[in-house]
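Working notes for the structure below.
Position 1 is the first residue of the sequence, and the numbers go up from there. What you see is a predicted model; the values in this text were computed from it and never measured.
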Amino acid sequence: MEGPRRVSLVLLLLLLLPLGPAWHTAAQRCPQTCICDSPGRHVACRHQNLTEVPDAIPELTQRLDLQGNMLKVIPPAAFQDLPYLTHLDLRHCQVELVAEGAFRGLGRLLLLNLASNRLSSLPQEALDGLGSLQRLELEGNMLEELRPGTFGALGALATLNLAHNALVYLPAMAFQGLARARWLQLAHNALSVLAPEALAGLPALRRLSLHHNELQALPGPALSQARVLARLELGHNPFTYVGEEDGLALPGLRELLLDHGALQALDARAFARCPRLHTLDLRGNQLAALPPLQGPGRLRRLRLQGNPLWCGCEARPLLEWLARARVRSDGTCGGPRRLGGEALGALRPADLRCPGDRAAAAAAEEEWRAAARPRSPPAALDEADGAARPCPPACVCASESRHSGCEGRGLRAVPRGFPGDTRLLDLRRNHFPSVPRAAFPGLGRLVSLHLQHCGLTELEAGALAGLGSLIYLYLSDNQLAGLRAAALEGAPRLGYLYLERNRFRHVPGAALRALPSLFSLHLQNNAVDRLGPGDLAGLPALRWLYLSGNRITQVSPGAIGPAPELEKLHLDRNQLQGVPTGALEGLPALLELQLSGNPLQTLPDGAFRPVGRSLQHLFLNSSGLEQISPRAFLGLGPWLQSLHLQKNQLQAMPALAHLSQLELIDLSGNPFHCDCQLLPLHRWLMGLNLRVGAVCAAPPSAHGQRVRAATAIFETCPGRAARKAKRMPAPRSGARRTRVKG
């Protein structure tokens with residue numbers, strides 16, 4: 001038996017011998033434009049202007065990072081030679097099309113990131129073959145519709161991110177097949193309608209994000225399909241009322257966010273079928289009164305800050321209920337004058353001093369009703385029988401969704417005669433040279449108005465008269481060069497103004513100051529060349545300001561601030577030759593600053609000091625940076641979470657040890673010179689548990705090495721060598737000593 005066993009062993013070794021070198025070769029090959037980490041099976045080919053997936057990637061690769069390239073199209077079976085991939089990053093690759101079967105063969109893939117691309121649709125079988133996928137990122141694309149079955153092959157998916165797209169409608173069974181999905185992100189779209197069965201097929205969904213959409217009514221039947229939902233985010237939607245008739249039935253719901261919307265009234269039984277509700281967020285609405293809520297017996301937290309609460313005698317039932325049910329609440333009284341500014345949670349029912357005589361009670365009742373009355377005028381109705389007026393010719397008026405539209409009908413004037421309860425009016429792609437005075441009579445309930453691609457050159461004075469409920473106004477892609485304050489009067493609640501791709505050479509500051517509720521201003525891709533003092537002052541509610549893609553060469557101190565609520569400031573793709581440090585004064589809440597694509601060249605000391613105590617995300621990529629002062633980021637400390645410095649001209653930069661809470665720093669695409677001048681940066685990077693993408697461009701011996709890994713070069717630096725000598729053990733007693741000459 002010994003002889004045959006030995007022969008078999010020899011034959012087996014002979015068969016396996018050729019495989020050893022093959023495995024070694026597969027592990028060693030690496031595309032010239034990439035960095036390959038063989039032990040970690042990680043390949044990064046970031047910001048290399050690649051137009052197709054490199055064909056020499058090691059077969060055993062598990063993580064492939066291709067972000068920041070120019071792929072545009074992902075063809076069928078694009079990754080079929082990489083069967084071991086678990087993580088694939090295709091962010092910022094200008095992808096416009098994912099072909100059917102593009103990811104076939106990736107049965108082990110866990111994470112697919114397609115965020116920040118140009119996808120407007122997904123073919124039916126684009127995601128086939130991804131049976132193990134757990135997370136899919138599609139944020140920041142241009143998706144306008146979802147076809148049922150698109151995600152049908154993703155049975156293991158836990159998280160689906162579709163935020164920041166252009167979705168307006170969710171069809172029935174849109175997410176069929178996602179049996180294990182736990183978090184669905186649909187925020188920052190234009191959703192106005194959810195089919196009743198839109199969320200069917202999501203039996204495990206625990207969290208749903210629908211904030212920053214255009215829902216004019218609570219889509220109770222659709223939401224109730226997600227029976228185990230625990231957290232529902234519906235803030236920043238324009239519905240004005242929530243009642244039991246909306247049909248919200250979620251037995252497992254614990255957190256409901258309805259903040260910063262347009263709520264004017266809430267029915268006592270609105271959440272009667274949500275018995276486990278623990279936290280209800282109603283901040284920043286128009287609620288003057290609130291009844292004791294019936295049904296959610298486990299409610300413990302009620303957030304009411306930012307509502308004009310009337311603390312008259314009529315609020316006594318609310319206070320008694322809060323005390324009886326042990327519900328913690330915030331919010332302050334907006335009236336009467338005696339209690340103005342008082343914290344609701346500190347009041348007792350006795351503090352309300354309900355009047356005893358009938359005359360005083362009647363006066364108090366009338367005062368309260370005036371404060372609680374909805375701000376918008378009543379819907380226009382036919383005088384004869386109270387029925388809604390008929391729909392104008394060539395338009396479509398949907399009674400269920402309260403949407404009316406005449407998109408692309410070649411109209412030469414704004415039509416009239418829409419139903420008085422219209423909430424969304426779509427007039428895109430027509431031919432209106434101007435919007436005349438009182439162009440929208442009887443539409444006091446209108447919330448969203450679309451006038452994109454209409455060739456508009458003017459809004460006449462009083463154009464928006466009577467639109468007291470208007471929150472969203474879309475004027476993008478027109479020929480507007482200016483706006484007058486008189487044109488915007490009549491829309492005091494306007495919060496979102498879209499003016500992208502017009503002909504503005506100056507910010508229409510005077511007109512904007514006629515909008516006391518302006519929350520988000522979009523002025524991207526115009527011809528603005530400078531921001532002078534006071535141009536954007538006097539906008540107390542402004543949170544987001546987008547000025548990307550203009551021709552701005554100067555932002556003067558005082559041009560924007562004081563803006564106590566401003567959180568996002570986008571100045572990327574302009575002509576700024578320096579950081580506008582002075583203009584950052586008076587922005588105490590700024591979280592995100594975008595300066596990418598400006599010819600900055602250098603960052604001086606204290607460039608961001610005015611926003612040091614708030615800033616979380618800083619974008620400086622593609623800015624021609626050649627030099628960063630050692631104290632450039634002085635003032636920025638533990639608050640900063642992400643720093644983007646990729647695709648600049650940095651050969652050296654200081655260590656940033658004081659930025660202790662960074663979660664992301666991108667240094668890729670810089671020609672770092674790995675000599676002793678870069679030693680402090682090398683040491684700092686060695687202590688980071690982050691991928692930073694910093695690669696040596698020089699000297700030739702280090703070309704292509706990661707700065708963090710180029711240890712051999714930095715070992716020769718004087719400071720490093722001295723410390724190494726100090727760490728060497730002293731010679732033992734009696735050992736032979738070597739004398740060093742010189």
Side-chain angles (χ1 to χ4, degrees), residues 26-27 29-119 122-123 126-130 132-143 161 596 619 621-622 642 644-648 664-670 690-695 697 704-706:
R29 67 178 184 172
C30 183
Q32 290 184 349
T33 54
C34 304
I35 301 169
C36 298
D37 177 5
S38 297
R41 297 188 179 183
H42 178 273
V43 176
C45 318
R46 302 172 66 178
H47 305 290
Q48 298 297 322
N49 296 322
L50 299 174
T51 57
E52 59 184 17
V53 179
D55 58 4
I57 297 173
E59 181 185 7
L60 302 179
T61 298
Q62 293 181 343
R63 294 173 177 259
L64 177 58
D65 187 348
L66 290 169
Q67 65 174 293
N69 286 291
M70 303 171 64
L71 301 181
K72 293 193 175 180
V73 176
I74 309 297
F79 305 94
Q80 63 180 353
D81 296 329
L82 301 170
Y84 298 98
L85 274 186
T86 60
H87 294 69
L88 177 57
D89 195 338
L90 295 168
R91 282 176 290 174
H92 298 284
C93 283
Q94 303 179 32
V95 177
E96 299 172 357
L97 174 65
V98 176
E100 293 187 1
F103 304 108
R104 283 185 185 141
L106 298 184
R108 293 180 173 87
L109 198 68
L110 302 176
L111 167 63
L112 174 58
N113 198 331
L114 282 162
S116 302
N117 281 292
R118 299 176 181 174
L119 293 169
L122 284 172
L127 302 172
D128 278 8
L130 299 176
S132 299
L133 195 69
Q134 295 181 6
R135 180 177 163 192
L136 175 58
E137 296 286 339
L138 288 165
E139 180 182 9
N141 279 278
M142 298 183 290
L143 295 171
N161 189 352
S596 308
F619 295 83
N621 45 297
S622 305
S642 67
H644 299 259
L645 286 163
Q646 67 268 28
K647 301 184 78 170
N648 281 293
L664 184 152
I665 178 170
D666 195 340
L667 299 175
S668 59
N670 282 287
L690 299 172
R691 294 188 180 276
V692 298
V695 177
Q705 291 188 47
R706 287 178 298 156

Minimum heavy-atom distance between Gln48 and Asn69, given as atom pair plus value: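 Nearest heavy atoms, Gln48 then Asn69: N-OD1, 2.9 Å.
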Using side chain to side chain contact (heavy atoms under 4.5 Å, CB included) as the criterion, list what pairs up with [X], not counting sequence neighbours.
{"X": "Asn670", "result": "Asn648, Leu650, Phe672"}
{"X": "Leu82", "result": "Ile57, Leu64, Phe79, Leu85"}
{"X": "Asp55", "result": "none"}

Under the side-chain hydrogen bond (donor to acceptor under 3.5 Å, both in side chains) rule, collect the residues that match up with [X], sequence neighbours excluded.
{"X": "Asn113", "answer": "none"}
{"X": "Ser596", "answer": "Gln594, Asn621"}
{"X": "Gln134", "answer": "none"}
{"X": "Asp666", "answer": "Arg46, Ser668"}

Starting at [atom1] of [X], measure out to [atom2] of [Y] and round the result to the nearest 0.5 Å.
{"X": "Gln646", "Y": "Ile665", "atom1": "CD", "atom2": "CD1", "result": "10.0 Å"}
{"X": "Arg41", "Y": "Cys36", "atom1": "CZ", "atom2": "SG", "result": "13.0 Å"}
{"X": "Leu90", "Y": "Leu119", "atom1": "CG", "atom2": "CG", "result": "10.0 Å"}
{"X": "Asn161", "Y": "Asn141", "atom1": "CG", "atom2": "CG", "result": "10.0 Å"}
{"X": "Arg706", "Y": "Leu667", "atom1": "CZ", "atom2": "CG", "result": "13.0 Å"}
{"X": "Asn117", "Y": "Leu138", "atom1": "CG", "atom2": "CG", "result": "9.0 Å"}

Residue pairs, two or more places apart or on separate chains, that pass side chain to side chain donor-acceptor pair (under 3.5 Å) and touch residues 71-89: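 Residue pairs passing side chain to side chain donor-acceptor pair (under 3.5 Å), neighbours aside: Gln67-Asp89, Asp89-Arg91.
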Minimum side-chain heavy-atom gap Pro54-Leu66 below 4.5 Å: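 Yes, side chains in contact.
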Residue pair Leu130 / Leu136, side-chain heavy-atom distance below 4.5 Å: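 No, too far: nothing below the 4.5 Å cut-off.
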Which pairs count as disulfide (SG to SG under 2.5 Å) when at least one residue sits in residues 41-100, sequence neighbours excluded?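 Counting only pairs at least two positions apart or across chains, the disulfide (SG to SG under 2.5 Å) contacts touching residues 41-100 are Cys34-Cys45.
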Which atom pairs, donor and acceptor, lie under 3.5 Å between side-chain atoms of residues 96-111 and protein residues at least two apart or in another chain?
unit_1, atom_1, unit_2, atom_2, d
Arg104, NH2, Glu125, OE1, 3.1
Arg108, NH1, Pro83, O, 3.2

Applying salt bridge (Lys or Arg N to Asp or Glu O under 4.0 Å), name anything that partners Glu139, two or more places apart in sequence or on another chain.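 Residues passing salt bridge (Lys or Arg N to Asp or Glu O under 4.0 Å) with Glu139: none at all.
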List the residues meeting ring-ring contact (aromatic ring centres under 6.0 Å, His included) with His644, not counting sequence neighbours, and say none if there are none.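 Only Phe619 meet the ring-ring contact (aromatic ring centres under 6.0 Å, His included) criterion with His644.
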